[in-house]
Amino acid sequence: MPSRSNARRRAFWSLLLAWDVACLVIAAVAMQELAARRQATTDAEPAPAAPASAAADETPWPHDPQYVQDPTVGHRPRAHVERKFRMGPFGGERERRLRRHGVLGVITTDVTASAADLDDLFAMGPPRLLLLGDSHLMGVVTNAENAAQLLEDRLRERTEHLGATVINGAAGYYSLWQLVLRARTLAAPIGADAIVPVVFLGNDFLELEDVGRPHLDDSLDERPARADPPPETTSARRRWLGRPDDDLLFWQGLNQAAYFHQQPDRIAVVLAKAARCLDAVAELARDHAAELQVALLPSYDLVFPERAAALGPRVAEALASGANLRLRDGLRQLLTERGIPTIDLLDEFRADGRDELYALDGHLFVAGHDRLAEALASSLAPALTARAARR
């Protein structure tokens, strides 16, 4: 019969072994978490800026280091900035990606990435197309995956458009009015043959209400950013919806839906501002004898309302009021009244039915950019051909 001391020794060594294994597991998990955080930090940081001489006149925008201040638009991407990040499709895995900007912060291809000035950048064409949008068109994709590059590729497949050059002037945080202001800064140096605002239906209307940026007031007068904007109300809406701080769909449609659900009287005011935006960009297109078309890019909640409503009862309540859909329908009516050709992707995205049209953070993703490029090419190519025949 084993002695009691032997049993105690075995128990001691068993506990010690278990303790060592536990320590190794804890250490391994900690190292993995630390490595993941370091990796995420590396991927989120912009690459080194261009030489000081190339950015001497750029003043950093205090809200996001990848942007600089712009006297007309309020902000724009830094010239020659490169942005490293990790992103994947909705419900999928993240992969490494790189986005590159060129002169004046436009999204550029490899051919124009080293352009030293505007003459180099815009030397190609005709036709020259100016695309405008917010972070969805700026993209959480690589340059090669971006709708602008895909559109350029599709146009160049046609013999009459072999020199097609697409300049992507998009930037994160832009409102519908800022798309107009960005067009004003780029249309002339580009010599634009076509101006194409891509309106994101999930927040471009809400941002028309932000007086802390260049904006239209309720009388539709152009105003600079106010130095004393009112306190933000976004946090209260997120709490009302019951969404966590890291719910990225909140920023890509749900915030706007909740805002206009709670303040439906502002829908008419904002649509009046949208009408002023359309009139301004139409005037700009006439001044430059440029083709004007407007693309409507739906948010996830517009394409998949049932899936979005499953996020919670308050989300379902906000979506049931249909504010985002009313804004989209109102904008479509304004475009029709003005005879502006419209590329509306809502029905096409619904028919596609794939979550992966969008990225993990609710932005347009690779499949969505491809769909957008195809729709743009189908609409713009014949218009550009007809325009060339008239000249």
Side-chain angles (χ1 to χ4, degrees), residues 49-50 54-81 101-108 115 117-122 128-138 148 166-200 203-229 270 273-290 292 294:
D57 60 343
E58 293 189 335
T59 302
W61 193 52
H63 306 291
D64 190 325
Q66 65 182 313
Y67 300 95
V68 294
Q69 296 180 37
D70 184 281
T72 301
V73 195
H75 71 278
R76 62 164 174 80
R78 285 167 43 201
H80 305 289
V81 69
H101 296 258
V103 174
L104 292 182
V106 300
I107 306 288
T108 70
D117 55 35
L118 295 177
D119 291 337
D120 287 346
L121 181 60
F122 306 137
R128 302 179 186 90
L129 291 81
L130 173 59
L131 261 62
L132 305 144
D134 67 358
S135 54
H136 287 262
L137 186 62
M138 186 174 77
V166 178
I167 303 298
N168 184 345
Y173 310 105
Y174 274 0
S175 69
L176 181 52
W177 177 240
Q178 286 174 296
L179 302 191
V180 178
L181 297 178
R182 181 71 157 154
R184 288 178 178 175
T185 67
L186 292 175
I190 287 174
D193 297 300
I195 299 173
V196 186
V198 178
V199 181
F200 177 58
N203 58 31
D204 284 0
F205 298 102
L206 175 60
E207 288 165 349
L208 287 173
E209 296 280 72
D210 182 4
V211 299
R213 66 180 77 203
H215 63 281
L216 298 170
D217 64 20
D218 284 5
S219 299
L220 307 183
D221 293 323
E222 299 184 24
R223 301 294 185 189
R226 275 179 49 180
D228 59 340
V270 165
K273 293 182 182 182
R276 175 73 179 86
C277 294
L278 295 180
D279 291 339
V281 75
E283 179 182 1
L284 182 69
R286 286 193 297 270
D287 290 344
H288 291 277
L292 173 63
V294 174

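Just so you know, residue 1 is the first one in the sequence shown, and it goes up from there.
In terms of heavy atoms, Gly169 sits closest to Tyr174 at O-CE2, 4.1 Å. In terms of heavy atoms, Trp177 sits closest to Pro214 at CD1-O, 3.6 Å. Considering all non-hydrogen atoms of both residues, Ala192 and Ala290 come closest at O-CB, 3.4 Å. The shortest heavy-atom contact between Ala170 and Pro77 is O-CG, 3.8 Å. Listed here is the closest heavy atom pair of His101 and Arg78: CB-O, 3.8 Å. The minimum heavy-atom distance linking Lys273 with Leu208 is given by the pair NZ-O, 3.3 Å.
Between Trp61 and His75, the ring planes lie parallel to each other; the angle is under 30°, not in the 30° to 60° tilted range. The aromatic rings of Phe200 and His136 lie parallel to each other, with less than 30° between the two planes, well short of the 60° mark.
Applying the ring pair (Phe, Tyr, Trp, His ring centres under 6.0 Å) criterion to Phe205, with sequence neighbours excluded, gives no partner residue. For Arg182, there are no salt bridge (Lys or Arg N to Asp or Glu O under 4.0 Å) partners at least two apart in sequence or on another chain.
A distance of 10.0 Å separates CG in Asp210 from CZ in Arg226, rounded to the nearest 0.5 Å. Between Ile195 atom CD1 and Leu132 atom CG the span is 7.5 Å, to the nearest 0.5 Å. A distance of 10.0 Å separates NE2 in His288 from CD1 in Ile190, rounded to the nearest 0.5 Å. In this structure, CG on Leu186 lies 5.5 Å from CG on Leu130, to the nearest 0.5 angstrom. If you take CG on Asp217 and CZ on Arg276, they are separated by 10.5 Å, rounding to the nearest 0.5 Å. Between the CG atom of Leu104 and the CZ atom of Arg76 there is a distance of 5.5 Å, given to the nearest 0.5 Å.
Of the options Leu278, Leu131, Leu292, a side chain to side chain contact (heavy atoms under 4.5 Å, CB included) to Pro197 is made by Leu292 and by none of the others.
Using a 4.5 Å heavy-atom threshold, the side chains of Met138 and Ile107 count as touching. With contacts defined as side-chain heavy-atom distances shorter than 4.5 Å, the pair Val294/Val199 qualifies. Annotation: side chain of Leu216 is in contact with side chain of Glu222 (closest heavy-atom distance under 4.5 Å).
For the pair Asp64 (side chain) and Tyr67 (backbone), a donor-acceptor distance under 3.5 Å is absent. A donor-acceptor contact shorter than 3.5 Å is absent between the side chain of Arg213 and the backbone of Gln178.
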Chi angles and distances behind the side-chain contact (heavy atoms from CB on, under 4.5 Å) call for Arg223, Val211: CA-CA 8 Å; Arg223 301 294 185 189; Val211 299; over 6 Å; no
Evaluate side-chain contact (heavy atoms from CB on, under 4.5 Å) for Leu137 paired with Asn168, printing each intermediate quantity in order. CA-CA 8 Å; Leu137 186 62; Asn168 184 345; 3.7 Å; yes
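Electrostatic pairing of Arg184 and Glu283 does not count as a salt bridge here, judged by no charged N lying under 4.0 Å from a carboxylate O.
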